Engineer: 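For reference, the structure I am asking about is given below.
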There are 2 protein chains.
Amino acid sequence: MSGITYQRIQTEVLHRIRARVWRPGDLIPSEVALAAEFGCARATVNRALRELAETGILERRRKAGTRVSPDPVHKATFDIAVIRREIEALGGVYRHAILQKAHVLAPSFIQALMKLDIHAETLHIRTLHLSNDQPYLYEDRWINMAAVPGIRSADFSRVSVNEWLVQNAPLSGGEITFLAKNADEAEAEALDTTVGKALFVTERLTRIKQVSVTFVRLAYAPGYRMTTRL
Amino acid sequence: MSGITYQRIQTEVLHRIRARVWRPGDLIPSEVALAAEFGCARATVNRALRELAETGILERRRKAGTRVSPDPVHKATFDIAVIRREIEALGGVYRHAILQKAHVLAPSFIQALMKLDIHAETLHIRTLHLSNDQPYLYEDRWINMAAVPGIRSADFSRVSVNEWLVQNAPLSGGEITFLAKNADEAEAEALDTTVGKALFVTERLTRIKQVSVTFVRLAYAPGYRMTTRL
DNA sequence: CAAGTTAATATGTGCAGACATAATAATGTT
DNA sequence: AACATTATTATGTCTGCACATATTAACTTG
């Protein structure tokens, strides 16, 4: 084997971009040309360039060729783990407490968000997740009962709703939103802080085949930071 | 050609997981076995499974085999674009105003964050980005002069610092952090809101080869939401 | 039995060749 | 000149095949 790896090619390409040999907007040589230069198969060059294109560093189009992205759109990736794992990964002891659990007809704003009809039955659960017995996260969740039949018989004293859904309704699609919000009274009380304090909030809408399964709002305790490498 | 694509295999695998044929934690058949079943080359199966593993749905280890992730860590990716493009993508007309620009010795908290030595010279710039003449984003940036020599001669009246750096110091690594923060006086004034209002903030530390280039704090106007698909 | 060695196995990656497909460039036609 | 048609080209993907590598299982050996 020639010893040329696709990773070797990737670092070489990155070097040339950094050294401004190939500048943002420039067209770079074709796969065939690069394969000849590096003395490897085209498939190897293809994989190298394809992966760089996935990160947004390169832009590729058939026939047009490969160019360095004019303004590279960095893609920041965040791991959205089960909350228990998130807490345990930070070295905390996980515990959760259910503050409220009620079967109710969906209020209108939830109907609109989840696109439910007027008579839709939902399970409304408010949970406090604790790390080392300190409030960590306040969860406000609405579940569309029609979409998850087995949920009536589930026992949430041991496994959190969060985990039950991951195990029993895997691989669902949806959207996630990050935002900042001043704490209201319920949030302030649960998270042991004051009304008005800025909270980092994530809202998630989960679907299985176009049908909304659950809407969650997670309000993190003050001071929370969500970090990732670029 | 058999017509079996790697994407076809991916959707089939996803179906089996959703249908709970293969459940979280289960070991799935080997690449060779799947290639035989689908009547395609192992390379095709390999690409299908490798990509699913990158998204966190599968876990793979040599010899041990491929298994469905026990608690799948969803990976949410956010596009971090140049601010002008972000605003224009939302249909706004972009404009920016430089509120402050000063060459200063790095204050101690910046020294610590960027790991600069005591005599390090920095450029401190505060910029307001506007969409349709409405305050959109307040930017507070520190640049390590030593790391970006050409910056002295740059003209920031036409191109924002943001864009200049992307064009002239491409492909740098670093970290990005999301957090919520109560608006202080400077932020409230710039963004035309009240002190204490919850702001969505992103902080970015950018490096080229271990050397810190710039530290930016971006405070978005109230109401900002950052959304992505799962 | 414990510890070290060897074999077996699933994934990881490379190669050469082929055809598919999208987009551009060249060409011909009215 | 405007438009439709036809090459050309770079990427996209699949096929078999080979060897690399990590890791587990099986097999020695003291």
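Because the structure is a prediction, the values reported are computed rather than measured. Values below: every heavy atom of this structure, side chains too, minus hydrogens, waters and symmetry copies. Lettering follows sequence order; numbering is per chain, from 1.
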Engineer: Per the salt bridge (charged side-chain N to carboxylate O under 4.0 Å, His left out) rule, what does the pair list look like for residues 4-14 of chain B, sequence neighbours excluded?
Structural biologist: R8(B)-E12(B), E12(B)-R16(B)
Engineer: So which one's nearest nucleotide on DNA chain C is more toward 5', T5(A) or T66(B)?
Structural biologist: T66(B)
Engineer: Determine whether a donor-acceptor pair (one donor, one acceptor, N or O, separation below 3.5 Å) exists between the side chain of R42(A) and the base of dG12(D).
Structural biologist: yes
Engineer: Side chain of Y6(A) only, heavy atoms from C-beta on: which candidate in dT11(D), dG14(C), dG12(C) is closest?
Structural biologist: dG14(C)
Engineer: Which residues in residues 45-53 of chain A have at least one heavy atom lying under 4.0 Å from any atom of DNA chain D?
Structural biologist: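 Correct list: N46(A).
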Engineer: Identify, with sequence neighbours excluded, every residue that meets salt bridge (Lys or Arg N to Asp or Glu O under 4.0 Å) alongside R217(B).
Structural biologist: E203(B)
Engineer: Go through the structure and list residues passing side chain to side chain contact (heavy atoms under 4.5 Å, CB included) with K115(B), not counting sequence neighbours.
Structural biologist: none
Engineer: For the pair R204(B) and E139(B), find out whether any cationic side-chain nitrogen is under 4.0 Å from an anionic carboxylate oxygen.
Structural biologist: no
Engineer: Between Q7(A) and dG12(C), does any side-chain N or O lie under 4.0 Å from OP1 or OP2?
Structural biologist: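 Looking at the OP1 and OP2 atoms of dG12(C), neither is under 4.0 Å from any side-chain N or O of Q7(A).
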Engineer: Taking side chain to side chain contact (heavy atoms under 4.5 Å, CB included) as the definition, give me every residue that meets it alongside R152(A), ordered by chain and number, with sequence neighbours left out.
Structural biologist: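 If we apply the side chain to side chain contact (heavy atoms under 4.5 Å, CB included) test to R152(A), skipping adjacent residues, the hits are H103(A), E121(A), M145(A).
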Engineer: On DNA chain C, does the nearest nucleotide to R61(A) precede the nearest nucleotide to V32(B) from the 5' side, or the other way round? Give the residue.
Structural biologist: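 Upstream on the strand: V32(B).
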Engineer: Listed by chain and number, what are the side chain to side chain contact (heavy atoms under 4.5 Å, CB included) partners of A64(A), not counting sequence neighbours?
Structural biologist: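 R61(A).
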Engineer: Between dT21(C), dA22(D), dC15(C), which nucleotide has the shortest distance from any of its atoms to the side chain of K63(B)?
Structural biologist: dA22(D)
Engineer: Need one value for A64(B): base, sugar-phosphate or nothing, where a base atom within 4.0 Å counts as base even if backbone is also close, heavy atoms only.
Structural biologist: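 Counting heavy atoms under 4.0 Å across all strands, no contact is made by A64(B).
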